[in-house]
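The block underneath contains the structure these notes are about, expressed in structure tokens.
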Amino acid sequence: MSPVPAYDPQAIEAKWQDRWARAHTNEPDLDRPRQPFYNLMMFPYPSAEGLHVGNMFAFTGADIYGRFKRLQGYDVFEPIGFDAFGIHSENYALAVGTHPAKLIPRNIDTFRRQLRRFGGMFDWRHELSTTDPRYYKWTQWIFLQLFHAGLAFRKKAAVNWCPKDMSVVANEQVINGYCERHPDTKVEQRFLEQWFFAITRYADRLLANLDRLDWSDSTRTLQRNWIGRSDGAELVFETPAGARVTAFTTRPDTVFGATYLVLAPEHPLVDEVTAEEQRRAVNAYRREVAAKDLVSRRVGDKTKTGVFLGSYARNPATGEAIPIWIADYVLMEYGSGAIMAVPAHDRRDYEFATSFRLPIRQVVRSDEPLPSVSPDGVLMNSGRFDGLPCREAHGAIVAWLHTRGLGAPKVQYRLHDWCISRQRFWGPPIPIIYCDRCGPVGVPVEDLPVVLPLIEDFRPDASGVSPLARHREWYYVRCPQCGGEGRRETDVSDTFLDSAWYHLRYPSTEFDDRPWDPQRTKTWLPVTSYIGGNEHAVLHLLYSRFITMVLQELGHVHFEEPFPKLRAHGLIIKDGAKMSKSRGNVVIPDAAIGTWGADTFRMYLMFLGPFQEGGDFREDGITGIRRFLDKVWPLAHHARDAGSQPLPLAVARKLHQTIRKVTADTEGLDFNTAIAAMMEYINLVRDEGGVVGPEAVEPLLVMLAPYAPHLAEELWAALGHGESIFGARWPGYDAQLAAAGDVEIVVQVNGKVRGRVTVSRGATEAHVLERALQDESVRKFADGNTVRKTIYVPDRLLNLVL
RNA sequence: GCCCGGGUGGCGAAAUCGGUAGACGCAUGGCACUUAAAAUGCCAAGGGAGGCAACUCCCAUGCAGGUUCGAGUCCUGCCCCGGGCACCA
């Protein structure tokens with residue numbers, strides 16, 4: 001036998017990465033694919049620290065899947081890019097005093113180097129960066145599509161203002177009242193003119209479509225809860241003066257127990273229904289609430305406060321006059337900004353009624369102390385509806401009130417419109433020009449992109465105006481409509497707008513005259529498989545879906561759901577905590593790849609635990625993967641010398657069983673068990689003598705190729721193949737052979753294991769029973785008793801019940 | 001408070017349908033090779049009890065019950081950990 005060369009991962013990995021690049025191995029023909037497969041992973045934000053093991057974990061899993069599909073005969077398009085705009089980059093730039101336009105290219109260089117080194121099957125011809133004017137030109141174009149369709153509008157609204165970022169942040173970026181990026185900084189309430197996208201108009205479609213998407217359940221649930229549909233009714237409470245107060249409730253069945261009304265302090269009807277003698281107290285309370293920030297109002301002190309307006313409204317069910325109050329526990333932005341208070345059956349109303357000594361009337365029978373909130377009860381004190389179960393009463397009472405014009409069914413969503421304005425500068429300028437005569441005017445398409453000017457002083461200030469306003473030549477501009485004096489919008493758009501459409505751009509990056517090429521889009525989209533983390537379950541994924549729906553309606557794309565198949569991977573944590581710079585537990589994979597090689601590291605990440613669950617990163621155990629590859633290495637080299645030879649039956653059977661399992665597991669992203677199966681195969685081959693022909697090794701190499709692509713290529717070449725292993729086909733298996741062989745059947749007596757018999761697969765119950773009764777220990781337990789019943793599970797188990 | 005996950009050896013974890021709990025791997029111990037160490041190979045190994053031993057028995061999947069011939073898996077009630085939402089009417 002010829003000597004086996006040493007396995008030197010660094011050398012062979014560099015060699016194959018170079019060959020792939022030169023041979024364009026990873027670049028499918030985008031115009032004439034036979035079987036297109038768009039394999040997408042969530043593009044990274046190129047941070048200054050570099051790609052960490054969390055990113056690499058996600059990319060490795062997605063890359064394995066893409067390579068697997070490639071071996072199954074698909075033309076796999078696996079693009080990568082950089083989500084490089086946004087407040088993170090800007091804040092980092094501010095901290096180090098270097099302009100992000102200088103920092104970002106450096107960071108991208110680092111990421112690009114890391115992404116090449118780990119061996120991703122990326123098509124680098126189609127790399128993109130959201131900060132490239134060639135890209136954000138079309139981000140702005142999308143804004144204009146929404147603007148012209150009436151889906152982008154300005155609204156003065158209470159917004160979340162982060163005093164550290166000195167910018168508005170989206171509801172999604174507020175965690176428990178604190179800024180997502182600055183966990184020690186409370187977000188304040190400010191009233192500003194902002195651009196919003198009317199995503200709430202799509203709430204029902206976004207929700208309903210979830211049922212027919214092939215997505216991880218975890219992601220679907222997160223999105224469903226975020227949209228937050230509530231089915232209820234709007235009920236009308238009339239005042240003697242003729243004002244009609246509408247209250248949204250999910251429990252119209254309890255309307256007989258509504259003993260007072262509460263309006264949000266900002267409710268437009270407050271002035272009208274306030275009695276003169278209460279006006280001073282009411283105004284004082286409203287000022288007090290307005291001075292509070294969103295934090296203390298929403299999550300801070302939840303002690304109930306409020307003021308009686310001095311007036312009354314009629315309960316539409318009982319006809320009684322009930323007092324009207326304002327209180328800050330009622331929020332203007334949800335429902336109608338007014339509630340009917342049913343203190344007997346709502347915790348908050350109960351608390352409020354107790355502290356202000358308001359009447360409490362029980363209308364649902366319950367054994368529990370009040371407030372009893374369960375919707376599974378029977379009505380009482382509800383006139384003709386007494387005795388009706390709540391769930392039936394719900395519809396019956398709404399129908400009854402409806403006939404009298406005092407109520408109607410209503411569906412309410414928790415989802416808010418998407419505020420996209422950011423008072424910062426590191427983003428695509430919102431392409432709007434304000435004209436005193438014409439109002440806000442969209443920048444004409446031929447003037448796009450509105451290039452982000454490279455200002456020297458990019459620090460934000462507390463004015464709430466973007467630093468871009470200081471750039472005079474940029475700021476003052478002619479109105480495209482009337483030619484008069486105009487001023488540019490100085491806010492930039494939310495980063496999530498950049499990432500809401502990147503999947504549309506990838507196949508069309510070479511076109512500058514269109515956002516995406518219609519033919520390419522028809523060929524490659526929607527995305528065949530999308531793999532990413534649940535940290536984007538509600539932001540990125542919801543916004544992408546919304547933008548795609550709009551584009552579909554406007555005739556720009558032919559589908560309304562961009563990601564028909566999505567799988568969420570787990571999170572890699574370190575020492576029990578999420579990796580973050582502030583915790584100082586970020587692990588950069590470069591050192592480990594340097595020590596072990598990319599192949600070992602890739603497989604190790606996948607062997608750490610289930611891909612869809614994630615796990616705690618630690619390096620002990622990586623030697624197990626390396627030992628495995630060290631066993632594959634000589635086996636393949638010896639196979640060439642051994643030459644073609646029939647496989648021993650045990651090896652053949654195990655091979656086909658392994659193919660069956662690795663195929664199913666890789667398809668299901670169960671990479672850890674697929675790797676275990678390949679290890680078992682190698683262990684068996686070694687137990688059987690250790691020298692086998694190419695018949696036993698080549699299928700293994702193909703299965704291994706997605707996991708350890710460089711090593712697989714090297715060994716494939718060593719076996720005499722001139723072409724890349726990724727031109728090979730995924731092996732099939734012989735189901736008969738995989739299933740054949742002897743099986744060990746467990747013999748139980750009264751459910752306890754008492755013996756085992758080995759029979760050939762598919763043996764009859766009678767035969768197994770006969771064999772079982774010969775077993776000494778079975779007899780010990782069974783003898784002298786009559787077997788009342790036997791339970792036989794073919795090929796698995798026989799249970800004798802005495 | 002509500003909605004999702006999850007809890008299995010010293011550790012990471014396996015276990016279509018309810019059917020041999022602990023595959024695969026790490027760490028550990030012993031042996032071989034070696035002047036020695038590393039590497040490698042072979043063997044052992046959930047806990048407990050009995051036995052010189054091969055072996056035998058009992059207990060074990062967060063806790064307490066239940067259904068079943070049989071429960072890690074199904075049902076009921078709890079405890080703990082992770083994530084999401086939260087004065088959302």
field: Contact under 4.0 Å: A:T221 side-chain N or O vs B:G84 OP1/OP2
entry: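 No, because none of the side-chain N or O atoms of A:T221 sits under 4.0 Å from OP1 or OP2 of B:G84.
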
- request: May I ask you to verify if any side-chain N or O of A:R686 is less than 4.0 angstrom from the OP1 or OP2 atom of B:G41?
  value: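 For A:R686, the contact criterion (side-chain N or O under 4.0 Å from OP1 or OP2 of B:G41) is met.
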
Which whole number of Å gives the distance between the [atom1] atom of [N] and that of [M]?
N     : M     : atom1 : value
B:G25 : B:A15 : P     : 16 Å
B:G72 : B:C63 : P     : 12 Å
B:A14 : B:C55 : C1'   : 29 Å
B:U16 : B:U73 : C1'   : 12 Å
B:U40 : B:A27 : P     : 9 Å
B:A44 : B:G9  : C1'   : 15 Å
B:C26 : B:A45 : C1'   : 14 Å
B:A21 : B:G46 : C1'   : 10 Å

- prompt: Out of B:A14, B:G1, B:C87, which nucleotide sits closest to the side chain of A:Y329?
  reply: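 Shortest atom-to-atom distance from the side chain points to B:C87.
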
query: When you measure from the side chain of A:N225, which nucleotide among B:A89, B:A86, B:C3 comes out closest?
result: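 Out of B:A89, B:A86, B:C3, the nucleotide with an atom closest to A:N225's side chain is B:C3.
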
- request: Using the closest heavy atom to pick a nucleotide of RNA chain B for each, name whichever of A:D687 or A:P610 lands nearer the 5' end.
  value: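 The 5'-side residue here is A:P610.
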
- request: By nearest nucleotide on RNA chain B, pick out whichever of A:G337 and A:D616 is the more 5' one.
  value: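 Upstream on the strand: A:D616.
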
- request: Could you provide the dot-bracket string of RNA chain B, using ( ) for intrastrand pairs, [ ] for crossing pairs and | for bases paired to another strand, with Watson-Crick or G-U pairs below 3.5 Å?
  value: (((((((..(((......[....))).(((((.......))))).(((((....)))))..(((((..]....))))))))))))....

Charged N-O contact under 4.0 Å between [X] and [Y]:
X      : Y      : answer
A:R220 : A:D217 : yes
A:R391 : A:D376 : yes
A:D211 : A:R224 : yes

- prompt: Between A:T254 (side chain) and A:G257 (backbone), is there a donor-acceptor pair under 3.5 Å?
  reply: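 Between the backbone of A:G257 and the side chain of A:T254 there is no qualifying donor-acceptor contact (under 3.5 Å).
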
query: Has the side chain of A:Y604 got a donor or acceptor atom that lies under 3.5 Å from a matching backbone atom of A:D620?
result: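 Answer holds: yes.
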
- prompt: Can you find a pair of side-chain heavy atoms, one from A:T219 and one from A:R567, that are under 4.5 Å apart?
  reply: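 In short, these two side chains do not touch, never coming nearer than 4.5 Å.
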
Output the rounded distance in Å from [atom1] ([X]) to [atom2] ([N]).
X      : N     : atom1 : atom2 : result
A:D670 : B:A15 : CG    : C1'   : 12 Å
A:E613 : B:C81 : CD    : P     : 19 Å
A:Q612 : B:G83 : CD    : C1'   : 16 Å
A:D665 : B:U16 : CG    : P     : 10 Å
A:M332 : B:A89 : CE    : P     : 16 Å
A:W215 : B:C4  : CH2   : P     : 19 Å
A:L605 : B:G12 : CG    : P     : 17 Å
A:F628 : B:A39 : CZ    : P     : 20 Å

- line: In 5'-to-3' order, the base (B), backbone-only (S) or no-contact (-) status of each nucleotide in nucleotides 24-29 of chain B, using a 4.0 angstrom heavy-atom cut-off, is BSSS--

task: Answer with base, sugar-phosphate or nothing: what part of the nucleic acid does A:S230 contact at a heavy-atom distance below 4.0 Å?
output: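 A:S230: backbone/sugar contact only, no base atoms under 4.0 Å.
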
- prompt: Counting any heavy atom closer than 4.0 Å, what does A:N672 reach on the DNA or RNA strands: base, sugar-phosphate only, or nothing?
  reply: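 Sugar-phosphate only.
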
Of the non-hydrogen atoms in [X] and [Y], which two are nearest, and what is the gap between them?
X      : Y      : answer
A:Y681 : A:K654 : CD1-CG, 3.8 Å
A:V538 : A:L222 : CG1-O, 3.6 Å
A:A393 : A:D253 : CB-CB, 3.9 Å
A:Y285 : A:P265 : CE2-CG, 4.1 Å

- prompt: Does B:G9 fall in syn (glycosidic angle within 90° of 0) or anti?
  reply: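 With its glycosidic angle within 90° of zero, B:G9 counts as syn.
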
message: By the rule that syn is within 90° of 0, classify the base conformation of B:C17 as syn or anti.
response: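 For B:C17, whose glycosidic angle is within 90° of 0, the conformation is syn.
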
field: Pair A:F356 + A:W325: ring centers closer than 6.0 Å
entry: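 Judged by ring-centre distance (under 6.0 Å), A:F356 and A:W325 do meet the cut-off.
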
- request: Measure from NZ or CZ of A:R545 to the centre of the six-membered ring of A:W215 and say whether it is under 6.0 Å with the direction within 45° of the ring axis.
  value: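 Yes, A:R545 and A:W215 form such a contact.
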
Between the protein and nucleotides 32-34 of chain B, which nitrogen or oxygen pairs come in under 3.5 angstrom?
none

- prompt: In terms of side-chain heavy atoms, does A:E765 have a donor or acceptor partner in A:T790 at a distance below 3.5 Å?
  reply: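 Indeed, the side chains of A:E765 and A:T790 share at least one donor-acceptor pair under 3.5 Å.
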
Below 3.5 Å is the cut-off: list the nitrogen or oxygen pairs between protein and nucleotides 17-21 of chain B, distance only.
from	atom 1	to	atom 2	distance (Å)
B:G19	N2	A:Q748	OE1	3.2
B:G19	N2	A:N799	ND2	3.4
B:U20	O2	A:R756	NE	2.9
B:U20	O2	A:R756	NH2	3.0
B:U20	N3	A:E744	OE1	3.3

task: Could you please spell out the steps behind the side-chain contact (heavy atoms from CB on, under 4.5 Å) verdict for A:V255 and A:N315?
output: CA-CA 8 Å; A:V255 64; A:N315 180 317; 3.8 Å; yes

Would you mind writing out the side-chain donor-acceptor pairs for residues 792-802 of chain A within the sub-3.5 Å range, not counting sequence neighbours?
from	atom 1	to	atom 2	distance (Å)
A:Y792	OH	A:A763	O	2.8
A:D795	OD1	A:G762	N	2.7
A:N799	OD1	A:G751	N	3.0

field: Residue list, side-chain hydrogen bond (donor to acceptor under 3.5 Å, both in side chains) with A:R414, at least two apart or on another chain
entry: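 Here no residue qualifies.
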
